[in-house]
Amino acid sequence: HRHLTGIEGLQPHEIMFLLDEAERWIMPNAEHAAPDKRLAGLTQINAFFENSTRTLLSFEIAGKRLGADVVNMHAAQSSVKKGETLIDTAMTLNAMRADVIVIRHMSSGAVRLIADKVDCPVLNAGDGRHEHPTQALLDALTIRRRRGAIAHQRVVICGDLLHSRVARSNILALTALAAEVRVCAPTTLMPPAIERMGVTAFTDFDAALEGADVVMMLRLQTERMSGGYVPSPREYRLRYGLTPERLARAKPDALVMHPGPMNRGIEIDSSVADHAERSAITEQVAMGVAVRMACLDVLTRRARGVEGWA
Ligand code: CP
């Protein structure tokens with residue numbers, strides 16, 4: 001693979017290979033005394049056409065830890081605001097001889113479009129409702145470390161599935177790795193025919209939670225609901241919020257996850273999100289840096305004359 005535009009198309013052994021590669025970059029295992037600057041001399045451009053805290057910062061930190069020269073392009077301060085097209089923007093980045101480009105865009109498929117036009121590897125940092133592959137990898141790594149395995153874990157993904165690229169990428173990764181995936185949403189936020197992705201669909205959150213090993217909550221993405229049905233926060237919390245009472249239906253040691261940013265008091269209560277033993281939310285962020293270091297390393301191997309994918 002020249003690019004990482006999605007989990008779709010990756011074989012289970014390729015997903016596992018990326019998780020194994022990420023393990024070596026997890027602090028405090030990483031050898032900070034003798035830093036590994038394997039991306040020294042390479043230019044990494046992070047082109048973000050949509051807001052981000054975790055993904056942008058962790059890609060920046062990941063590139064810098066490996067010695068790359070990292071440049072961030074924020075669309076709000078770029079010539080995109082003057083009407084420059086996506087293709088022209090991509091050709092401009094290409095002409096600057098980037099060695100790797102990381103892109104977030106509000107349109108599904110925009111990252112693929114750019115990947116087809118440029119000469120260097122492209123990593124998808126989230127495109128519309130389509131995919132967020134590094135999020136799924138960091139979630140899979142978190143599950144594997146905290147639960148000891150991914151196969152046969154009962155993972156419940158609950159919330160705004162209709163607008164969620166995080167859910168799509170996670171479903172693709174977790175089903176490929178033989179987890180039992182349950183999805184739960186109100187019918188208005190459930191994508192049609194989602195069962196075809198190999199998951200079991202629920203509208204009753206209490207029923208979905210029975211025996212869960214992992215509960216992954218999604219943010220209500222009201223910014224993507226223009227013209228559609230927007231649930232009232234109070235009503236939503238009542239039926240789909242992860243409260244301590246509801247979490248009691250899952251296994252006693254079930255893991256709580258959320259990709260962030262969270263709507264506290266809507267899809268997740270603070271007492272659950274901040275639970276010392278159960279919540280893996282800050283660990284997910286830490287795994288994000290390790291996973292992005294691995295992806296930057298693996299995707300630039302061919303250009304550095306090193307053997308690439310497994
Ligand atoms: N999880 C995630 O993608 O967060 P950001 O939007 O802050 O990058």
Side-chain angles (χ1 to χ4, degrees), residues 4-8 18-19 22 44-65 70-77 100-111 122-143 146 155 157-174 183 214-225 242 255-264 266-268 272-274 279-296:
L4 180 65
T5 55
I7 297 295
E8 195 162 23
L18 288 173
L19 302 188
Q44 173 189 333
I45 301 183
N46 299 327
F48 275 59
F49 298 83
E50 200 183 59
N51 292 347
S52 171
T53 298
R54 281 149 285 270
T55 312
L56 175 59
L57 282 176
S58 60
F59 264 116
E60 183 172 358
I61 290 167
K64 284 180 171 164
R65 284 201 182 141
V70 185
V71 190
N72 292 331
M73 192 205 87
H74 300 279
Q77 292 133 34
V100 59
I101 301 178
V102 180
I103 301 169
R104 167 166 289 193
H105 200 280
M106 60 295 272
S107 300
S108 307
V111 177
V122 168
L123 282 88
N124 183 358
D127 64 329
R129 302 179 188 185
H130 176 231
E131 282 230 37
H132 193 350
T134 56
Q135 178 72 46
L137 292 171
L138 74 88
D139 289 336
L141 185 60
T142 306
I143 294 171
R146 286 288 287 264
V155 182
I157 305 177
C158 178
D160 185 357
L161 293 157
L162 189 63
H163 301 102
S164 182
R165 56 198 178 202
V166 172
R168 251 185 69 77
S169 290
N170 259 300
I171 291 168
L172 289 164
L174 294 171
V183 296
V214 178
V215 187
M216 189 183 290
M217 301 305 294
L218 303 171
R219 182 173 66 89
L220 212 48
Q221 300 191 45
T222 48
E223 77 276 17
R224 298 193 207 275
M225 294 180 190
L242 189 61
L255 203 61
V256 174
M257 301 175 72
H258 193 302
M262 288 185 274
N263 293 308
R264 287 176 181 267
I266 301 180
E267 74 261 4
I268 190 163
V272 176
D274 301 332
S279 172
I281 295 170
T282 53
E283 192 172 333
Q284 286 173 267
V285 178
M287 293 306 113
V289 177
V291 155
R292 284 159 186 140
M293 288 173 83
C295 291
L296 289 167

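Start at 1 and go down the list; that is how both ligands and their atoms are numbered. Every value quoted in this text rests on a predicted model; they were computed, and no experiment measured them. The chain is numbered in sequence order, starting from 1.
The nearest protein atom to atom 4 (O) of ligand 1, hydrogens excluded, is given as Arg54 NE, 3.0 Å; this is a heavy-atom distance.
For ligand 1, the polar-atom distance check against Pro259 finds a nitrogen or oxygen pair separated by under 3.5 Å. For Leu56, no nitrogen or oxygen atom sits less than 3.5 Å from a nitrogen or oxygen atom of ligand 1, counting backbone and side chain alike.
Side-chain polar atoms of Asn46 and Glu60 form no donor-acceptor pair below 3.5 angstrom.
Checking side-chain atoms of Asp127 against main-chain N and O of Gly109 turns up a donor-acceptor pair under 3.5 Å. Here the side chain of Ser108 pairs a donor or acceptor atom with the backbone of Arg129 at under 3.5 angstrom.
Residue Arg104 approaches ligand 1 through these ligand atoms, each under 4.0 Å from one of its heavy atoms: 3 (O), 5 (P), 6 (O), 8 (O). Of all the atoms in ligand 1, the ones that sit under 4.0 Å from a non-hydrogen atom of Thr55 are 2 (C), 3 (O), 4 (O), 5 (P), 8 (O). Interface of Thr53 with ligand 1, defined as ligand atoms under 4.0 Å from a residue heavy atom, comprises 5 (P), 7 (O), 8 (O).
Relative to the six-membered ring of Phe48, Arg104 misses at least one condition, a distance below 6.0 Å or an angle of at most 45° to the axis.
Just one of Glu131, Glu50, Glu8 meets the salt bridge (charged side-chain N to carboxylate O under 4.0 Å, His left out) condition when paired with Arg165; it is Glu50.
Here the shortest heavy-atom distance to atom 3 (O) of ligand 1, taken over Arg219, Glu50, His132, Arg165, belongs to His132.
Ligand 1 is approached by Gly260 to a heavy-atom distance shorter than 4.0 Å.
Side-chain atoms of Leu174 and Val214, non-hydrogen and from C-beta on, never get closer than 4.5 Å to each other.
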